[in-house]
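A short worksheet on the structure shown next.
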Amino acid sequence: MNGEVVLAADLNLQETLECGQCFRWNAVPAPDGEIRYQGVALQNELTVSQRGDRVTFHCTKEDFQQYWKSYFDLGTNYGEIHSQLCDISPVLSEAAAYAPGIHILRQDPWEALCSFILSQNNNIPRIKGLVERLCRYFGARLPSGAFAFPGPEVLAALEISDLVPVRAGFRAKYILDAARSVLNGAVDLKKIREAPISYGRRELQKIYGVGPKVAECTLLYGFYKTEGFPMDVWMRRAMQKLLPGLDPETFGKNAGLAQQYLFHYSRMHPDLVA
DNA sequence: ACCCAGGAAATTC
DNA sequence: GAATTTCATGGG
């Protein structure tokens, strides 16, 4: 159960885990000059740390190969995507320079769907609290002691009153409809995985409480539909100020990464998008 | 078209 | 330290 996998990567843990695409990773104390995160994904707990471009996965080679290599999208050539996006516009190039180590995580679709339902009208610290309580109350206990994300079959069996301690407010009923829709096949996550993004947009929005923004986040972060481009208030302002008149379609199949660059850049320069 | 639900964090006063 | 803003979706 112990072991280590060390590799040099273009991945930046902080940029990737704190850009709002995931909610179950937390920074933990680490030696000087090192940054370390602990989190749960894919029914596994992991500690991962970084010093410069050297990333250490505190897990067995087998677990790294089976789960984490893919989860952190280490098989994708980000250098090439990065330079393609930089060619589109100097502004995008400037934005990309602020977080060149962002990767799009390959998260579990169901967990992403629930997480982004809970994310609506909320800020990241609060979303993390909601997700954590959902797992703590209803998720299975993993060997490490951490809690897995509860599957649709677990949540579909609940009533609104069961979700009260999660303190999700009006979002609780959305979670239940999502769980029931997935469980009874009204929304087929496998089909969404294999189909074009337009199908996923239509299907996910059949769920009560899922609109365009939540659907787009789920498709990008949960289904690795990299052409997804979630448009929230921040992104609308950022696009208007930084790239006026530009259609996100211009970013093509890597729109999602462009969105991450712009989002991160805008938050670091709020004055530029005001 | 507008306001609220149910909060907590971030921002501004 | 207190008031105000933020925020995605659906319903009234």
Side-chain angles (χ1 to χ4, degrees), chain A residues 14-15 17-27 39 98-99 107 109-138 152 155-156 158-182 186-187 189 192 197-223 225 228-242 248 255-256 259-260 262-274:
Chain A
Q14 186 169 19
E15 291 166 6
L17 297 176
E18 295 195 12
C19 65
Q21 63 176 319
C22 55
F23 304 101
R24 295 206 72 197
W25 293 93
N26 294 297
Y98 278 82
Q107 302 183 69
W110 166 247
E111 176 171 339
L113 172 58
C114 286
S115 299
F116 285 100
I117 286 174
L118 293 175
S119 82
Q120 59 181 284
N121 196 16
N122 249 330
N123 50 54
I124 290 172
R126 179 136 193 275
I127 300 162
K128 289 173 80 167
L130 295 177
V131 172
E132 205 47 48
R133 285 191 292 278
L134 191 65
C135 294
R136 207 164 279 275
Y137 290 123
F138 305 109
L155 299 183
L158 303 179
E159 310 277 342
I160 293 281
S161 56
D162 298 317
L163 284 170
V164 167
V166 175
R167 307 209 298 273
F170 59 86
R171 302 164 195 84
K173 55 187 182 290
Y174 302 159
I175 292 291
L176 293 188
D177 189 62
R180 289 170 186 153
S181 301
V182 168
V187 173
L189 301 185
I192 293 175
I197 193 169
S198 53
Y199 174 82
R201 288 181 181 130
R202 278 201 310 276
E203 288 301 297
L204 291 173
Q205 289 183 60
K206 287 181 179 172
I207 297 167
Y208 179 51
V210 175
K213 164 64 162 52
V214 171
E216 202 74 2
C217 285
T218 304
L219 289 162
L220 175 57
Y221 303 122
F223 289 93
K225 300 287 181 190
F229 195 88
M231 268 288 210
D232 61 1
V233 173
W234 271 93
M235 277 312 296
R236 263 178 232 292
R237 280 195 294 225
M239 287 300 287
Q240 207 166 11
K241 286 284 179 179
L242 301 175
Q259 193 266 7
Q260 288 287 288
L262 291 166
F263 187 78
H264 186 269
Y265 181 73
S266 306
R267 308 218 83 168
M268 302 203 14
H269 304 85
D271 45 314
L272 289 182
V273 297

If you look only at distance, which donor and acceptor atoms sit under 3.5 Å apart when one is on a side chain in residues 206-220 of chain A and the other is two or more places apart or in another chain?
{"from": "A:Lys206", "atom 1": "NZ", "to": "A:Glu203", "atom 2": "OE1", "distance (Å)": "3.2"}
{"from": "A:Lys206", "atom 1": "NZ", "to": "A:Glu203", "atom 2": "OE2", "distance (Å)": "2.9"}
{"from": "A:Glu216", "atom 1": "OE1", "to": "A:Arg201", "atom 2": "NE", "distance (Å)": "2.8"}
{"from": "A:Glu216", "atom 1": "OE2", "to": "A:Arg201", "atom 2": "NH2", "distance (Å)": "2.9"}
{"from": "A:Glu216", "atom 1": "OE2", "to": "A:Phe229", "atom 2": "N", "distance (Å)": "3.0"}
{"from": "A:Thr218", "atom 1": "OG1", "to": "A:Val214", "atom 2": "O", "distance (Å)": "2.8"}

Which heavy atom of A:Met235 sits nearest to which heavy atom of A:Pro230, and what is that distance? CG-O, 3.7 Å

Donor-acceptor pair, side chain of A:His269 and main chain of A:Tyr265, under 3.5 angstrom: yes

To the nearest Å, give me how far apart CZ (A:Arg267) and P (C:dT6) are. 12 Å

Shortest non-hydrogen contact from A:Leu113 toward A:Ala178: CD2-CB, 4.3 Å

Which whole-number value in Å describes the distance from A:Leu118 CG to B:dA8 C1'? 14 Å

Any N/O pairs under 3.5 Å between the protein and nucleotides 10-13 of chain B? List them or say none.
none

Set out, line by line, the N/O atom pairs under 3.5 Å between protein and nucleotides 9-12 of chain C.
{"from": "C:dT9", "atom 1": "OP1", "to": "A:Gly211", "atom 2": "N", "distance (Å)": "3.0"}
{"from": "C:dT9", "atom 1": "OP1", "to": "A:Gly211", "atom 2": "O", "distance (Å)": "3.0"}
{"from": "C:dT9", "atom 1": "OP1", "to": "A:Pro212", "atom 2": "N", "distance (Å)": "3.3"}
{"from": "C:dT9", "atom 1": "OP1", "to": "A:Lys213", "atom 2": "N", "distance (Å)": "3.0"}
{"from": "C:dT9", "atom 1": "OP1", "to": "A:Val214", "atom 2": "N", "distance (Å)": "2.9"}
{"from": "C:dT9", "atom 1": "O4'", "to": "A:Gln120", "atom 2": "OE1", "distance (Å)": "3.0"}
{"from": "C:dT9", "atom 1": "O2", "to": "A:Tyr174", "atom 2": "OH", "distance (Å)": "3.4"}
{"from": "C:dG10", "atom 1": "OP1", "to": "A:Gly209", "atom 2": "N", "distance (Å)": "3.4"}

In whole angstroms, the gap separating C1' of C:dT5 from CG of A:Asn122 amounts to 14 Å

Per ring pair (Phe, Tyr, Trp, His ring centres under 6.0 Å), A:Phe116 is matched among A:Phe23, A:Trp110, A:Phe223, A:Tyr174 by A:Phe23

Nucleotide C:dT6, atom C1' - distance to CZ of A:Arg236 in whole Å: 15 Å

Nearest whole Å is fine: how far is B:dG7 C1' from A:Leu130 CG? 9 Å

Would you call A:Arg136-A:Glu132 a salt bridge at under 4.0 Å N-O? yes

Polar side-chain atom of A:Arg24 near backbone of A:Gly39 as donor-acceptor pair, under 3.5 Å: no

Once you round it to whole Å, what is the distance between P of B:dA5 and CZ of A:Arg167? 18 Å

List the steps and the verdict of side-chain contact (heavy atoms from CB on, under 4.5 Å) for A:Gln107 and A:Cys22. CA-CA 8 Å; A:Gln107 302 183 69; A:Cys22 55; 3.6 Å; yes

Separation of the C1' atoms in C:dA2 and B:dA5, to the nearest angstrom: 24 Å

